[in-house]
Each structure stands twice: as C-alpha cells, then as structure tokens.
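Here the structure is laid out as structure tokens; the discussion comes afterwards.
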Amino acid sequence: MNIKQILAEKVSAAMVAAGLPEDTNPAISLSNRPQFGDYQANGVMGAAKKLKTNPRELATNVVEQLDLSGIASKVELAGPGFINIHLDEAWLTVQLNQVAKDDFTGVTQRGVNANDDAKTVVVDYSAPNLAKEMHVGHLRSTIIGDAVVRALEFRGDKVIRQNHMGDWGTQFGMLIAHLSDKLAGNEVAETALADLENFYREAKIRFDNEEGFADRARADVVKLQSGDEACAKLWQQFIDISITHSEEIYEKLNVSLKRSDIMGESAYNDDLSTVIDELMAKKIAVEDQGAKVVFIDEMANKDGEPSVFIVQKSGGGFLYATTDLSACRYRSGKLAADRIIIFTDARQALHFKQVEIVARKAGFLPENVGYQHCPFGMMMGDDGKPFKTRTGGTIKLAELLDEAVVRASALIKEKNPEISDDDLALISKKVGIGAVKFADLSKNRTSDYIFNWKTMLSFEGATAPYLQYAYSRIQSIFSKAGIKPSTLKNDVTINIIEPQEKALALKILQLEDTIDAVISECTPNLLCNYLYELASLYMTFYEACPILKEDISDDVKTSRLALCQVVSDTLKQGLDILGIEVMDRM
RNA sequence: GCCUUUGUAGCUCAGUUGGAUAGAGCAAGCGCCUCCUAAGCGCUAGGUCGGAAGUUCGAAUCUUCUCAAAGGCGCCA
C-alpha cells in the first residue's frame with residue numbers, strides 16, 4: 001500500500017496522454033498546507049520548462065487526462081502548475097480497513113507485484129576490532145546497520161549480514177604473546193581476558209618497554225599467518241572470548257547479529273595473494289617504490305595526478321584495501337549479492353570509493369551489483385568534541401548502555417514510585433536502551449551528532465520514551481475495555497469521522513513509502529520521524545476523540561478501538577525495525 | 001596544497017529528484033487533569049537557511065566564489 005506510488009502511476013499516465021515523454025517524473029509529494037489537498041503533483045512545471053511550453057496550459061491538459069475517480073474527491077490546478085489532490089475519504093476508509101486486517105500493516109512484500117522481486121542484499125555493519133572492547137564509536141554502525149537490515153527483511157528482501165570483524169593484523173602478535181605468558185602462569189583464558197582493555201594495555205606496555213617482547217610479538221604474527229598451530233590456537237582462544245564480549249553488547253542493544261554472521265578479516269587471508277596476482281595480470285596494479293599500487297585516473301585531481309591506492313606493502317604484507325577487494329569478489333560471487341551495503345564512519349569514504357572503482361575494473365564487482373558505502377558522522381560530547389571520558393579515554397559501549405539503564409530506572413521510579421522491582425528492571429532496560437538508540441537513529445546519518453543524556457532521556461518530545469508511552473497508552477485502553485486487540489482484526493470496520501482520525505489514517509497508509517525511502521537511502525531517521533509523527537497524531541486523536549466514555553455509541557467505540565489497534569501494530573512494527581522494544585505499561 | 005563532509009530559531013535537529021507563507025522537539029511565556037496514563041494536549045513568541053554573486057516563473061536545495069568547522073590524501077584499519 002503506497003499512496004504516493006498509486007498517484008504517481010495515475011499522474012504519469014495522464015502526463016503521457018497529454019503528450020509528455022514516458023519518463024517524466026510526476027513529482028508527487030505531501031501537500032504542506034491543508035488548502036492544497038493531501039498530495040500534490042509538481043512534475044508538470046519541470047516538464048514544461050524542458051519543453052519550453054506554458055506550464056499552466058500543460059497542467060490543464062494533464063488534469064483533463066487525469067483519472068482519479070474513486071481515489072480523489074477533488075483535483076485542483078493552482079499557481080503556475082501545481083496539481084493539488086484531495087483524497088476521497090471513502091477510498092481512504094477502504095484502504096485503512098485493508099491495512100487493519102493485514103499482518104504486514106499494509107506493507108507490500110517483495111515478489112507480490114511484477115517488477116518488484118526480492119533482492120539479495122549483503123549488509124556489512126558493526127565490524128568491531130576484536131583486539132579491544134567495543135566503544136561508543138561502534139554504536140552507530142551497529143544500530144544503523146541493524147535497522148536497515150530489518151527494514152529490508154520486513155519488505156521481503158533476502159539479507160545476508162556480514163560482520164567484518166577486525167580479527168587479523170599485527171596487533172594480534174602482541175596479544176597472543178601476552179596471552180601465552182598468562183596461560184603459562186596458570187591463568188585461565190576467560191579470566192585473563194575478562195577485561196580486554198586492560199589486557200590490551202598490558203600487552204602494549206610490554207611491547208613498548210620489555211626487552212625481547214616486541215620481537216616475540218612480531219615473530220608470532222608471522223607464525224600465525226603462516227599457519228603455526230600453537231599460535232593459531234592461542235589466537236582462536238582470544239577471538240572466541242572477544243566475540244563473546246561483542247555478543248553481550250548485541251544482546252543488550254537488541255541487535256540481530258549472530259555469531260554465524262561473522263566474516264572477519266582473517267577469513268579473506270587465503271585469497272589476498274590471488275587478488276594481487278589478478279590485479280597485476282590485468283595490469284590494473286603496478287609496482288611502485290617496492291609496493292603494489294593502483295593509480296586511479298578516474299579520481300585524478302585538477303592537475304591530472306591520479307589517486308593512489310596501495311594494495312600490497314613493499315614488504316609483501318597486505319592491507320585492508322586488499323581485504324576489501326577480496327570481500328567484493330566474495331560477496332558478488334559466492335553470496336550472489338544484488339546489492340552490497342557497507343556501514344562505516346565517514347573517514348573511510350575515500351577508501352571505499354577507491355575500492356569500488358578498482359573492484360569494478362578488475363571484474364570483482366559486476367556492473368549490475370550495487371555497491372553503497374553509507375558513511376556516518378561521529379558521536380560528539382556536549383562541547384562538540386569527540387565523545388570521551390573526563391580523562392580523555394574512550395567510552396566503553398557496555399558502560400554507556402549500563403548508565404542508560406540506570407538513568408532510566410531513576411526517572412521511572414520518580415514518575416512511578418509504586419512500581420515493583422521486577423517491572424522496574426524490565427522497563428528501565430527497554431526505555432534506557434531505546435532512548436540511546438532512538439537518539440542516534442533519529443539523526444541524519446551523515447553529520448556528526450551531539451550525545452546528550454538529558455535530551456534523550458527527558459521523556460519529552462521526540463524520544464523513544466514518547467513513542468513507548470504512546471504505545472502503552474493504547475494497551476491501557478484495551479485492558480480497560482477488557483478487549484483483546486486481536487478480536488478487532490476481522491469483524492470491525494473503521495469509520496473516519498473526525499479530522500484527527502483522517503490525519504491518523506493518512507499517516508498509517510504512509511508506512512510503506514517511508515520504509516522504501518529508508519531502504520533506498522539507508523536512512524533510518526526517516527522511520528524515526530514517521531513514528532514520532534504517528535505517535536504525535538495519535539496523542540492528538542486521544543485528546544480529541546473519546547473512546548470509552550459513556551456517551552460514545554458502540555459503533556464509534558469499536559471503530560476507534562480498531563483504529564487504536566492499527567496504530568498500535570504500526571508503532572510496534574516500526575519500533576521493532578529500529579530494534580526498540582515496547583511494553584504494555586510504563 | 002588537493003579532495004570530501006558539514007554550517008538552518010538561544011540549544012538539538014527535520015526539510016523527499018528545485019516548488020506555494022522554511023518545520024519539529026527542548027528551553028521561554030500562557031492555558032488544559034471530578035474525564036480512556038499530564039512521560040500528555042492546545043496556544044504564543046523565536047529565522048536575511050554561514051556570506052556574496054549567478055542560473056529561472058520559483059533556490060535552504062543547483063553553479064561559481066568566499067568564510068568557518070571536522071575529516072581524508074603511498075606502505076594502520
């Protein structure tokens with residue numbers, strides 16, 4: 001169910017009938033003022049400009065050809081060529097009632113319509129460095145990626161998650177050398193690695209100061225990479241425990257990543273020399289100053305100097321450029337991806353642009369496979385500088401999340417002193433984590449954003465608690481009415497009476513449109529905006545339209561209860577895509 | 001030096017491929033609980049969209065220049 005798409009098809013047909021080319025964009029958008037109707041089509045003006053004709057006359061022709069019978073109650077021509085569309089309330093009512101009965105709250109599944117097949121989408125996100133604990137810098141990739149993944153799946157695409165964990169590289173030599181000594185001292189790996197930050201720090205101190213240790217560490221890297229069994233065993237132990245740390249975070253964050261989604265850097269190790277051989281054989285890469293590099297003319301600067309992309313170090317070692325090229329081939333080949341999406345911070349934008357160009361040249365990434373690097377900004381403190389602890393250290397993600405729950409708990413207790421300890425624990429977890437996630441997800445992906453406890457947990461305005469509150473208010477009505485929401489699904493017809501109900505209906509019918517925008521641009525903030533608007537319209541409806549009051553007729557009562565039911569489903573479903581949980585009471 | 005991103009109300013942010021009078025939330029001010037959860041609702045105020053020029057019926061959005069911030073640019077990832 002996508003109103004915008006239905007209107008786009010109708011207006012397009014009218015445009016063609018009026019003599020415009022087939023690919024003319026009808027440019028349907030929501031009207032920004034009630035007197036301009038519900039939707040407007042602005043495409044005629046652009047088209048008239050291209051054809052150098054009078055926009056008003058052209059628009060008149062299009063409107064004459066436009067058949068919206070049954071859908072619109074009024075179509076008006078305004079200004080230089082705006083076509084304002086007032087939707088027919090009867091039509092809206094029919095659509096709304098269909099959505100009310102639908103398990104996917106009106107979102108069409110891929111494959112149902114022609115030209116809308118399910119795609120295989122590979123999504124690379126989270127990707128923490130296993131040498132250390134996850135810190136706040138990993139939050140955005142993890143939750144933005146997960147939200148997009150869930151949106152894709154909800155729409156019906158086949159998603160293959162790829163957690164490209166940093167589990168390989170020189171620092172692991174130092175770590176396994178240190179671990180080896182700890183185990184020799186009769187320590188158990190789990191205890192030695194209980195605090196990864198400490199462990200890393202200890203190893204680093206030894207590496208920098210202790211005589212002979214650095215040499216051992218370097219030797220261990222070489223041994224590890226050449227397949228030495230003892231080193232591999234130590235490495236595996238380290239990796240396993242570090243992954244367990246990450247899994248705890250995913251669990252806390254309600255993120256859908258599983259161990260089976262891990263495809264770490266080490267997994268590409270055996271393929272790297274092949275990648276280089278192919279690049280050399282195809283004369284894409286050349287030797288320069290001892291290293292193997294690709295000179296990318298497509299990205300030359302004004303003076304014609306090509307961009308440089310190193311794929312193998314002069315000593316023969318490989319870099320993350322090599323790994324990412326190998327990943328391109330694996331994903332488009334073995335995984336048969338139609339589309340590849342990568343979530344990393346914006347600093348890597350240049351790198352991924354280079355990877356794509358080289359991979360396409362080398363044939364690792366066929367023409368028809370989409371490749372999308374989705375960068376995001378950093379998390380800043382109140383002072384606008386990178387978010388750090390008071391002493392300047394990185395903030396562990398686990399600690400941040402714990403603090404969110406503690407803060408939520410204090411606030412809930414204050415609002416609701418009689419709450420039981422069990423309820424408090426459960427609700428503060430959902431509210432605290434939800435608040436952190438929503439604050440992040442609701443911001444535009446590309447810019448840096450300021451992390452602030454106060455605004456995200458204020459419980460006022462556009463926050464997760466506001467949405468959760470709207471949801472629990474609805475549940476409260478059901479419980480007060482003694483009605484199981486599921487019983488409303490089939491027998492009840494919703495009627496639109498008040499303007500607040502119409503506004504709500506219109507918003508409900510925009511879910512698919514919103515999801516599609518989230519999917520194509522990888523921007524969950526659009527879904528956040530949508531859900532906030534939905535919740536806000538519900539609150540307005542709640543104040544204006546009594547449901548369980550004595551003077552409300554049974555018909556109106558059941559109609560409104562059913563409307564509540566659709567809003568409740570939509571909110572729950574939308575928040576679920578964001579990985580935010582709801583509760584019946586708060 | 002070159003490249004990328006960002007700059008919108010006091011603060012935090014939206015703003016769909018150029019569309020009509022630039023929108024929310026917080027903070028500020030004023031109202032609304034004998035009534036389904038006031039973690040709420042309604043109203044008021046707040047802006048030369050960093051600056052300048054250009055493109056056109058029409059610019060926060062496109063082009064050029066400029067100012068400011070952040071980041072990247074040959075052997076880390």
Side-chain angles (χ1 to χ4, degrees), chain A residues 4 25 27-33 35-36 40 42-43 45-46 48-49 55-56 78-82 84 127 129 166 168-171 265 288-293 299 301-303 305 307-315 317 319-321 323-324 344-351 353 375 377-378 380 384-386 411-412 415-416 431 439 442-444 446-450 452 454-456 458-463 465-466 468-470 472-481 513 517 521 525-526 528-529 532-533 536 539-540 542-544 546-550 552 560 564 585-586:
Chain A
K4 206 167 153 181
N25 186 349
I28 309 289
S29 65
L30 284 166
S31 299
N32 48 8
R33 238 158 261 280
Q35 67 264 34
F36 300 149
Q40 56 183 164
N42 303 334
M45 290 175 284
K49 190 175 203 167
R56 182 83 195 192
F82 296 103
N84 293 333
N129 180 356
W168 206 240
T170 45
Q171 52 201 339
E265 290 173 340
D288 191 84
Q289 294 173 35
K292 304 225 168 58
V293 307
M299 293 176 64
N301 65 13
K302 280 177 190 165
D303 301 328
E305 290 162 356
S307 168
V308 178
F309 187 59
I310 302 179
V311 292
Q312 188 174 18
K313 295 198 267 190
S314 52
L319 300 108
Y320 82 137
T323 312
D324 282 327
T344 78
D345 69 272
R347 287 175 300 190
Q348 299 184 42
L350 174 64
H351 166 75
K353 211 175 271 178
M378 288 202 293
M380 306 300 221
K385 293 187 181 136
L411 284 165
I412 292 162
K415 299 267 184 201
N416 188 358
V431 168
S442 61
K443 262 99 185 165
N444 184 316
T446 50
S447 44
D448 292 342
Y449 88 98
I450 301 199
N452 184 299
K454 207 170 155 250
T455 50
M456 79 177 69
S458 71
F459 295 6
E460 279 162 19
T463 60
Y466 178 89
Q468 289 164 325
Y469 179 57
S472 64
R473 263 188 152 179
I474 301 175
Q475 309 320 307
S476 166
I477 289 177
F478 290 138
S479 81
K480 192 140 257 172
D513 191 19
E521 301 304 314
N525 69 309
L526 298 177
C528 294
N529 293 348
Y532 175 70
E533 283 163 11
S536 181
M539 294 288 198
T540 305
Y542 181 95
E543 300 282 337
I547 300 164
L548 304 179
K549 302 292 164 64
E550 278 176 16
I552 299 300
R560 286 184 179 161
C564 285
R585 278 176 303 145
M586 69 184 281

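Letters go in sequence order (proteins before strands), and every chain restarts at 1.
- Here A:Q289 lies in heavy-atom contact (under 4.0 Å) with a base.
- Judged by distance alone with a 3.5 Å cut-off, a donor-acceptor contact links the side chain of A:Q40 to the base of B:A20.
- Comparing the P positions of B:U6 and B:G10 gives a spacing of 22 Å, expressed to the nearest Å.
- In this structure, the nucleotide among B:C26, B:A77, B:C13 sitting nearest to the side chain of A:Y449 is B:C13.
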side-chain contact (heavy atoms from CB on, under 4.5 Å) evaluation trace for A:K353 with A:M299: CA-CA 9 Å; A:K353 211 175 271 178; A:M299 293 176 64; 4.0 Å; yes
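- A sub-4.0 Å separation between OP1 or OP2 of B:U37 and a side-chain N or O of A:K415 is absent.
- Using a 4.0 Å cut-off, no side-chain N or O of A:Y542 falls inside it from OP1 or OP2 of B:A39.
- A distance cut-off of 5.5 Å between ring centres, combined with a plane angle under 30°, leaves A:Y532 outside any stacking arrangement with the base of B:A24.
- Among the heavy atoms of the strands, none lies under 4.0 Å from A:A470.
- Only the P atoms considered, B:A28 is 31 Å distant from B:U16, to the nearest whole Å.
- Judged purely by atom type and a 3.5 angstrom limit, A:N452 uses its side chain to pair as donor or acceptor with the backbone of A:T455.
- A sub-4.0 Å separation between OP1 or OP2 of B:U12 and a side-chain N or O of A:T455 is absent.
- Heavy-atom minimum distance, A:F82 versus A:N42: CD2-OD1, 3.2 Å.
- Backbone-only contact: A:N301 has heavy atoms under 4.0 Å from sugar-phosphate atoms and none from a base.
- Between A:T540 and A:L411, it is A:L411 whose nearest contact on RNA chain B lies nearer the 5' terminus.
- Base engagement by A:F36 is indicated by at least one non-hydrogen atom pair under 4.0 Å involving a base atom.
- Look at the C1' atom in both B:U44 and B:U48: the space between them is 23 Å, to the nearest Å.
- Using a 4.0 Å heavy-atom criterion, one finds that A:I547 contacts the bases of the nucleic acid, with or without backbone contacts as well.
- For a distance-only test at 3.5 Å, the side chain of A:K49 qualifies as a donor-acceptor partner of the base of B:G58.
- As rounded to the nearest Å, B:U34 and B:G15 have P atoms that lie 41 Å from one another.
- Both A:M586 and A:P55 lie near RNA chain B, and the one whose nearest nucleotide falls closer to the 5' end is A:M586.
- At the heavy-atom level, A:N84 lies under 4.0 Å from base atoms of the strands shown.
- Comparing the same atom, P, in B:A38 and in B:C13 gives a spacing of 31 Å after rounding to whole Å.
- Side chain of A:R585 to main chain of A:S472: no donor-acceptor pair is present (N/O by atom type, distance under 3.5 Å, no hydrogens or angles).
- A donor-acceptor contact under 3.5 Å links the side chain of A:S472 to the base of B:U37.
- The side chain of A:N525 approaches B:G15 more closely than any other nucleotide in the set B:G15, B:G74, B:A20.
- Under 3.5 Å, the side chain of A:Y320 and the base of B:A77 form at least one donor-acceptor pair of N or O atoms.
- Residue A:R473 places at least one side-chain N or O under 4.0 Å from the OP1 or OP2 atom of B:A38.
- In this model, the phosphate group of B:C3 is not approached by any side-chain N or O of A:K353 to a distance below 4.0 Å at OP1 or OP2.
- Remark: the separation of the C1' atoms in B:A9 and B:U64 is 29 Å, to the nearest Å.
- At a threshold of 4.0 angstrom between heavy atoms, the contacts of A:A48 with the nucleic acid are absent.
- When heavy atoms are screened at a 4.0 angstrom cut-off, A:A291 is found touching base atoms of the nucleic acid.
- Contact of A:N452 with B:U12 (side chain to base): no donor-acceptor pair of N or O atoms is detected under 3.5 Å.
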Audit row: A:I477, A:K480, side-chain contact (heavy atoms from CB on, under 4.5 Å) steps and yes/no: CA-CA 5 Å; A:I477 289 177; A:K480 192 140 257 172; 5.7 Å; no
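- The glycosidic torsion of B:C32 lies more than 90° away from 0, which places this base in the anti conformation.
- Within the 4.5 Å cutoff, no side-chain heavy atoms of A:T463 are placed close to those of A:Q468.
- Ring pair A:Y466/A:Y532: centre-to-centre distance below 6.0 Å.
- A:P465 comes within contact range of no nucleotide atom at all, as no heavy-atom separation falls under 4.0 Å.
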Verdict with reasoning, A:T344 to A:H351, per side-chain contact (heavy atoms from CB on, under 4.5 Å): CA-CA 11 Å; A:T344 78; A:H351 166 75; over 6 Å; no
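- Among the atoms of the strands shown, none is found under 4.0 Å from any heavy atom of A:G169.
- Phosphate contact (OP1/OP2 of B:G23, side-chain N/O of A:R33, threshold under 4.0 Å): present.
- Side-chain N/O atoms of A:N444 include one lying less than 4.0 angstrom from OP1 or OP2 on B:G15.
- Judged by atom type and distance alone, A:D448 does not reach the base of B:A69 through any side-chain donor-acceptor pair under 3.5 Å.
- Among the atoms of the strands shown, none is found under 4.0 Å from any heavy atom of A:Q475.
- On the C1' atoms, B:G58 is 8 Å away from B:G18, given to the nearest whole Å.
- Residue A:N32 places at least one side-chain N or O under 4.0 Å from the OP1 or OP2 atom of B:A20.
- B:C41 and B:G7 are spaced 35 Å apart, taking the C1' atom of each and rounding to whole Å.
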